[in-house]
Amino acid sequence: MRAQEFQHTLQGPAIFAGVGVHTGAYTRVAVRPAPTNSGIVFVRTDLTDRDNRVPATGEAVTKTQLGTVIENAAGVSVSTIEHLMAALVMLGVDNAIVELDGPEMPIMDGSSLPFVQILDRAGRRQQDALRTYIEILEPIEFIDGDKRASLTPSDQFEVAFEIRFPSAAIGRQAVDLVMDEQAFRDELADCRTFGFLHEVEYLRSIGLARGGSMENAVVIEGDRILNPEGLRRPDEFVRHKALDAIGDLYVLGAPILGRFEGVLAGHGLNNQLVRALLAAPQSWRYRTLAPELAQAV
């Protein structure tokens, strides 16, 4: 059987550190190997007076303003998980423990590329259990005004996204990709988060974006991009939105066999789609890619 039919974890720990884009707090992180069928679990090592394990699940998402926040029943939370989650799912990491000594994942350069490089250095290890996919059987969508997010059947993972902004620096952008590990590395991983200067100033006034800078985000003022190095790709903005969606979907706990489409969507709509899918069990099923063992799941 092929490697992608089996679950994988890390070969050894992946250790790194950086500032959180909203808290500005310096956080140390260790992504460690985990047993089969354990999924992705965040552990707040700075908290020892209560349950500090926060599994990444659709129901655990509590906030989606400017990033995805997960929280457990004891009130322990971890924010801005989406860029690491995108790297984990697209590099085929099914099981990992993410230990961090603060409330927010480091933003690094604002993309998934640093996480890809860190995971590559740690290496991956095949495990002795079959990987389970979420196969979309019926269309499911969530609509909010002119914003839409949907999942439809496909025999592969596809990601399409469209954004529209009045700023000439962005305008209308669309991307439509068949997404596997190599496509993620080539097409999306290096695309950074972005924001408008007036929004950053407002966020700082209410205690957010304390760690945000042109070192970890593309900053726009009016119709101008302020970053001296410019963009990494002409359509970096929509590609980052597609990256975000991939990370947001991985709180489902398994990679997807299906097509995701987002129109003007963000973290909130992505999570509403996750919850709509979980509430409609007839619209999907768990599936392995090993034909002779498919009935075992």
Side-chain angles (χ1 to χ4, degrees), residues 2-16 18 29 31 33 40 56 67-68 80-96 98 105-127 131 133-134 154-163 173-194 215-218 227 229-262 270 289:
R2 297 168 299 172
Q4 69 257 40
E5 294 170 0
F6 289 94
Q7 294 180 28
H8 285 71
T9 189
L10 299 187
Q11 191 77 39
I15 297 171
F16 57 96
V29 183
V31 186
I40 309 301
T68 296
T80 321
I81 65 168
E82 59 272 10
H83 301 165
L84 174 63
M85 292 291 284
L88 289 169
V89 67
M90 294 315 305
L91 268 62
V93 178
D94 304 275
N95 306 297
V98 184
M105 281 294 299
I107 190 64
M108 310 304 277
D109 74 346
S111 78
S112 283
L113 183 59
F115 300 122
V116 169
Q117 295 167 336
I118 289 158
L119 294 170
D120 280 346
R121 285 198 294 272
R124 284 162 288 173
R125 174 169 57 85
Q126 182 172 300
Q127 298 176 289
R131 172 175 293 151
Y133 292 79
I134 289 175
S154 174
D155 59 2
Q156 58 195 354
F157 184 37
E158 302 172 15
V159 177
F161 217 102
E162 180 182 337
I163 59 173
Q173 297 184 358
V175 67
D176 193 332
L177 298 164
V178 174
M179 191 48 49
D180 58 16
E181 179 179 342
Q182 196 58 51
F184 183 74
R185 291 175 181 272
D186 294 343
E187 305 286 349
L188 298 183
D190 66 343
C191 295
R192 297 162 293 173
T193 192
F194 61 93
E215 293 181 358
N216 53 43
V218 179
N227 301 57
E229 76 280 7
L231 296 174
R232 293 177 175 175
R233 300 165 185 267
D235 57 352
E236 184 171 1
F237 304 105
V238 73
R239 287 173 183 265
H240 182 78
K241 286 288 199 177
L243 182 161
D244 274 346
I246 291 169
D248 287 342
L249 290 173
Y250 198 30
V251 297
L252 285 164
I256 288 173
L257 286 176
R259 176 180 174 82
F260 170 84
E261 294 183 9
N270 295 341
L289 293 185

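Listed for the Asp180 side chain is a donor-acceptor partner under 3.5 Å among the backbone atoms of Ala183. Asp94 places no side-chain N or O within donor-acceptor distance of the main-chain N or O of Arg131, the cut-off being under 3.5 Å. Between the His240 side chain and the Cys191 main chain, a donor and an acceptor come within less than 3.5 Å of each other. Side chain of Gln173 to main chain of Val238: a donor-acceptor pair is present (N/O by atom type, distance under 3.5 Å, no hydrogens or angles).
In the model, Ser111 has no side-chain atom that pairs as donor or acceptor with a side-chain atom of Asp190 under 3.5 Å. Between the side chains of Asn95 and His8, no donor-acceptor pair of N or O atoms lies under 3.5 Å.
No side-chain heavy atom of Leu257 sits under 4.5 Å from any side-chain heavy atom of Asp155. Looking only at side-chain heavy atoms (C-beta outward), Val89 and Ile246 come within less than 4.5 Å of each other. Contact check for Arg239 versus Arg233: side-chain heavy atoms found under the 4.5 Å cut-off. Taking the side chain as every heavy atom from C-beta outward, Leu91 and Val116 approach each other to under 4.5 Å. Side-chain contact between Val218 and Leu231 is present, with at least one heavy-atom pair separated by less than 4.5 Å. Contact annotation: the side chain of Ile107 approaches that of His83 to within less than 4.5 Å [non-hydrogen atoms, C-beta and beyond]. Side-chain contact between Arg232 and Arg192 is present, with at least one heavy-atom pair separated by less than 4.5 Å. Side chains of Ile40 and Leu88 form a contact here, defined as non-hydrogen atoms less than 4.5 Å apart.
With respect to the salt-bridge test (charged N to carboxylate O, under 4.0 angstrom), the residues Glu181 and Arg124 qualify. Taking a cutoff of 4.0 Å between a charged side-chain nitrogen and a carboxylate oxygen, Arg259 and Asp176 qualify as a salt bridge. In summary, Asp120 and Arg185 engage in a salt bridge, as defined by a charged side-chain N under 4.0 Å from a carboxylate O.
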Would you please test Phe157 and Phe260 for ring pair (Phe, Tyr, Trp, His ring centres under 6.0 Å) and show each step?
CA-CA 8 Å; Phe157 184 37; Phe260 170 84; 8.1 Å; no

Given side chain to side chain contact (heavy atoms under 4.5 Å, CB included), test Met108 with Phe115 step by step and report yes or no.
CA-CA 8 Å; Met108 310 304 277; Phe115 300 122; 3.6 Å; yes

Tyr133 and Glu5: CA distance, side-chain angles, deciding distance, side chain to side chain contact (heavy atoms under 4.5 Å, CB included) verdict
CA-CA 9 Å; Tyr133 292 79; Glu5 294 170 0; over 6 Å; no

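Note: Ser112 OG to Met85 CE = 11.0 Å, rounded to the nearest 0.5 Å. The CZ atom of Phe184 sits 11.0 Å away from atom CG of Asp186, with the distance rounded to the nearest 0.5 Å. Note that the CD1 atom of Ile81 and the OG1 atom of Thr68 stand 6.0 Å from one another [nearest 0.5 Å]. Rounded to the nearest 0.5 angstrom, Thr193 OG1 and Leu243 CG are separated by 9.5 Å. Expressed to the nearest 0.5 Å, how far CG of Leu84 lies from CZ of Phe16 amounts to 5.5 Å.
Nearest heavy-atom pair, Val251 versus Asp248, reported as atom, atom and distance to 0.1 Å: CG2-O, 3.1 Å. In plain terms, the two heavy atoms of Asn227 and Ala217 that are nearest each other are ND2-O, 2.9 Å. Across all their heavy atoms, Tyr250 and Pro255 have their closest contact at CE1-N, 4.1 Å. When all heavy atoms are compared, the tightest approach of Asn270 to Ala245 is ND2-CA, 3.6 Å.
By the 6.0 Å contact criterion, CD on Gln11 is enclosed, its count of non-hydrogen atoms from other residues, nucleotides or ligands being greater than 12.
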